[in-house]
Amino acid sequence: MPDSPIIAEVSALTKLKENIAVIRAQLRPGQTQMADWQGGPLAVSAVPGAGKSTGMAAAAAIAIARQYEYYLNTGNQDYKQLIVVTFTRSATANIKLKIRENLKKLSLPQTGFAVYTLHGLALIIASRHPHLSGLQLENATLITPNQSHKFIRTAVEQWITNYPEIYLRLLAGNQFDGEETEKLRRQSVLRTEILPDLAYTVIHEAKSSGISPADLLKWSEQTHNKYDILRIAAGLYEQYQKIMQLQDFIDYDDMILGALKVLRNPSTCRIEQNKVFAVFEDEAQDSSPLQTDLLEILASQEYADNLDKSALNLIRVGDPNQAINSTFTPADPIYFREFCEDCQIQDRLAEMDQAGRSTQIIIDAANFALEWVNNQDFAKIQHRQAPFRNQKIQPVNQENGNPEPVGQGLEIHIPRDIHHTVELLSQRVIELFTENPQACAAILVRENRQGRWLGAALAPICEQHKIKLYDVGEKERRSHVPQEILSLLQFCDRPHSPDYLKATLEVLVERQLIPTQDINTLASLPEEFLYPGPLATPQTEIVQKAAHLCRSLLRAYLELPFYQIISFFALSLKYDQAELATADKLAERVNLQIFGNSSMGAMISTLSEIVNSERFESVEPENVEAQYTKAGQLTIITMHKAKGLDWDYVFLPFLHENLIPGRFWIPPQGQFLGDFTLSEVARAQIRAGLHKKPIPDIKQAWEESKYLKIAEEYRLLYVAMTRAKRLLWMSAAQKAPFTWNKPENLQTSAPCPVFTALKRQFSR
């Protein structure tokens, strides 16, 4: 006789509780506090390698299971979702997969949750209520401007017209004898470098923090200096906003602001909140104030103006010690630290300090670096927050919890110069891959230029020893997509131009669609190359192949409608899946902008603007991180991009003081204003205003900017060190380039101060 529905339901609940217990039993301290969460705010401060994504995915699945229990017990059919928010698109794919795996273990449907980036979540909320958000997305164009974007340049020119007196004050600088040549030079520097840089920095900082031009103007009254920097900033910001609104353009900050407008309306706020039973945030140390507001409102059951922060259904997981984006984005670890402190008072702070990633000596080195930095004089000034939260990494408290070291586990070298560095590094790489061909290793560099130089130096060595070398900076720079498509379009528009033909042939060689050959000779006589006459010298087979491919591009250009050309060129270049997605995104953007004026000239003009003045965001493949950590591969990658990843062996060469912690460099052409840059002073002043502190004067603001950079660079080194599992190899050559633009110019270089301290501590 079959069980009654009630018995079956009780059995299902019992089985669910057993499955929850099985998942929970596999978690570490900190992870279990997430899994045991049943409501209210919870801060989780996790050290590198603590398994925060694993813990969050398990906790998310268990929270969904408890919601399912609630539905079974109460018969409530008002289904709500768990919202999980993380920082990057690749991270969303990773955590989505982990949550689904846990739901499978719980024998539950793989539903009841949604994973977004912060901007993706904001876009969905804003687009559901366009009348409130003010974002008519079908008519708007999304941009990611940089300092040279035409809107910022136009805002600068309009500000100069509107505020001639302040502009003349900038022109005069510290001292000026009125000499005409110097005047023209200063005008050029102000218009093309200093003011665009100030505008970009201020717009980014203020807008993403919910600060209006009027707010900046008000703050400017609290500090007096000869330039009125915040007043200039307010004027530039105001002009930029007007231009954006007049032309129906939006940026990423507009998405957040639009979503907040929706949530600040009582009725739509309730509609959105009723879809959500809780919010989990990953990488919380990288949130801006507006992003935090958005998540707190969604995680509440109260209207935006009446939030009771002690009643939020919100878990925020992060590591303030891995905050490495705050000097070039509005993210600031201070906000997550404050959330941790507030939760600690309520006994709602979980500390995930056990990490099973690294061997003990690597943990010891990372902890030593953290403590050393926090004990330096620059970190002990009273009003400053120390660079690191005092949370040390502990090994996992179980047998075989942490890996065994390879060799000593930590190797610290002082090579003679950068060439000797390559010699030592390559010798160690060969030894390691000979011992363990399936290991994964990475060289982490501070900037891409170092990576390019290293890639060129190591390529023949790796090829000789059959070690796969993957240079992320070269292989994955999908900003090449707009440039390559533009080159092909310019050639098709003017096929008789030697320059445009040469650029297209270079693209075809780079894509390995035609063999390497003497491109300069081919491009010197375009007509003879493309359409050789009967008297022309017979073309070789490889030249014929190149000419045929170029003619096929021209034929497509003549036969296809404009809106299909970019997609066709992408297929012709044999782009991979991610590159094709990026090309489709680019085509959609260009076609939207030339709507009503569909001509090749308009298309080329729009694409040129994107290439020359904007950071067009490529579409990342879902498994992008797996490409960086393949077995049997040596990966060259920047320290910033390495965050969230790990390798058996990690190499950190070129650890010099001029890069870590480095220092702000004042370009000589801008020194007539003083020993500071307007943009960094404005950034520090805005952050003081946000933190409810007095607005500092120029000198104080400049000192604070320098400190923020030093603190972040040391956190970046900490992130780099903690990527290593079994071996961490570090070096600082005695001679290195002052700038990696000219790696051949070597000079005596001081090592990073932490490197020196580590060498002293661990080389006894």
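- For Q354 against P29, the heavy-atom pair with the smallest separation is NE2-CG, 4.1 Å.
- Remark: H413 engages W729 in a ring pair (Phe, Tyr, Trp, His ring centres under 6.0 Å) (not counting sequence neighbours).
- Across all non-hydrogen atoms, the minimal contact from L727 to I362 is N-CD1, 3.8 Å.
- Under the side chain to side chain contact (heavy atoms under 4.5 Å, CB included) criterion, K735 pairs with D417, L746, T748, sequence neighbours left out.
- Ring-plane geometry between F654 and W453 is classed as perpendicular, the angle between the planes exceeding 60 degrees on a 0 to 90 degree scale with a lower cut at 30.
- Among pairs with a residue in residues 371-382, those fulfilling salt bridge (charged side-chain N to carboxylate O under 4.0 Å, His left out) read E371-K392, at least two apart in sequence or across chains.
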Inset, instruction - Would you please test K641 and Y628 for side chain to side chain contact (heavy atoms under 4.5 Å, CB included) and show each step? - result: CA-CA 10 Å; K641 208 168 179 74; Y628 303 155; 3.1 Å; yes

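- Under the 6.0 Å cut-off for aromatic ring centres, H691 and Y335 qualify, their centroids lying closer than that.
- For R726 and E404, the salt-bridge test fails: no basic side-chain N is under 4.0 Å from an acidic carboxylate O.
- For Q669, the CD atom is densely surrounded, since the number of other residues' heavy atoms within 6.0 Å is greater than 12.
- Looking only at side-chain heavy atoms (C-beta outward), L444 and T638 stay at 4.5 Å or farther from each other.
- For residues 704-713, the pairs satisfying side chain to side chain donor-acceptor pair (under 3.5 Å) are S326-E712, T327-E712, H383-E704, R384-E704, R446-E713, E703-K706, K709-E713, with sequence neighbours left out.
- Within 6.0 Å of the CD atom in Q747, the count of heavy atoms belonging to other residues, nucleotides or ligands exceeds 12.
- When the side chain to side chain donor-acceptor pair (under 3.5 Å) test is applied to N402, no partner is found at least two apart in sequence or on another chain.
- Of the possible polar contacts, one joining the D648 side chain to the C440 backbone as a donor-acceptor pair under 3.5 Å is found.
- The closest side-chain heavy-atom distance from E283 to V317 is not below 4.5 Å.
- Residues passing the side chain to side chain donor-acceptor pair (under 3.5 Å) test with E423, sequence neighbours excluded: none.
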Inset, instruction - Give the intermediate values and the outcome of side chain to side chain donor-acceptor pair (under 3.5 Å) for residues S45 and Q391. - result: CA-CA 9 Å; S45 183; Q391 184 174 5; 2.6 Å; yes

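- Side-chain atoms of T201 do not come within 3.5 Å of backbone N or O of L198 as any donor-acceptor pair.
- Contacts of W702 classified as ring pair (Phe, Tyr, Trp, His ring centres under 6.0 Å), with partners at least two apart in sequence or in another chain: F664.
- With sequence neighbours excluded, the residues forming a side chain to side chain contact (heavy atoms under 4.5 Å, CB included) with N325 are F87, D286, F328, T329, H640, listed by chain and number.
- Counting all heavy atoms, side chain and backbone alike, T421 lies closest to A733 at OG1-CB, 3.7 Å.
- Using a distance-only test at 3.5 Å, with no hydrogens or angles considered, no donor-acceptor pair links the side chain of T92 to the main chain of T117.
- Taking all atoms of both residues into account, the shortest heavy-atom contact from M352 to G30 is CG-CA, 3.5 Å.
- A search for side chain to side chain contact (heavy atoms under 4.5 Å, CB included) contacts involving P753 returns W372, E657, P661, Y714, not counting sequence neighbours.
- Although no hydrogens or angles enter the test, the distance criterion places no donor-acceptor pair under 3.5 Å between the side chain of Q344 and the main chain of F339.
- The two atoms that bring V396 and A355 nearest to each other are CG2-C, 3.5 Å, heavy atoms only.
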Using atom types as modelled, flag every donor-acceptor pair under 3.5 Å from a side chain in residues 456-469 to any protein atom, sequence neighbours excluded.
none

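- When all heavy atoms of L655 and A732 are compared, the closest pair comes out as O-CB, 3.3 Å.
- With sequence neighbours left out, the ring pair (Phe, Tyr, Trp, His ring centres under 6.0 Å) criterion links H420 to no other residue.
- Every residue two or more places apart in sequence or in another chain that forms a ring pair (Phe, Tyr, Trp, His ring centres under 6.0 Å) with Y718 is listed here: F388.
- Here the rule is side-chain contact (heavy atoms from CB on, under 4.5 Å) with E579, and of K574, E484, H480 only H480 fits it.
- In summary, K52 and D282 engage in a salt bridge, as defined by a charged side-chain N under 4.0 Å from a carboxylate O.
- Here the options are V406, V650, L758, I412, the test is side-chain contact (heavy atoms from CB on, under 4.5 Å), and the partner is L728; only V650 passes.
- A salt bridge between K98 and E101 is absent, with no side-chain N of the basic residue lying under 4.0 Å from a carboxylate O of the acidic one.
- The closest side-chain heavy-atom distance from P48 to V719 is not below 4.5 Å.
- With hydrogens and angles disregarded, no donor-acceptor distance shorter than 3.5 Å links the side chain of T739 to the backbone of K742.
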Inset, instruction - Show your working on side chain to side chain contact (heavy atoms under 4.5 Å, CB included) between R715 and Q322 and close with a plain yes or no. - result: CA-CA 6 Å; R715 288 196 295 268; Q322 293 189 76; over 6 Å; no

Inset, instruction - Take Q31 and Q33 through the test side chain to side chain donor-acceptor pair (under 3.5 Å) and record every step on the way to the result. - result: CA-CA 5 Å; Q31 291 177 326; Q33 284 170 274; over 6 Å; no

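- For E341 and R389, the salt-bridge test fails: no basic side-chain N is under 4.0 Å from an acidic carboxylate O.
- A salt bridge is absent between R723 and D646; no separation between the charged side-chain nitrogens and carboxylate oxygens falls under 4.0 Å.
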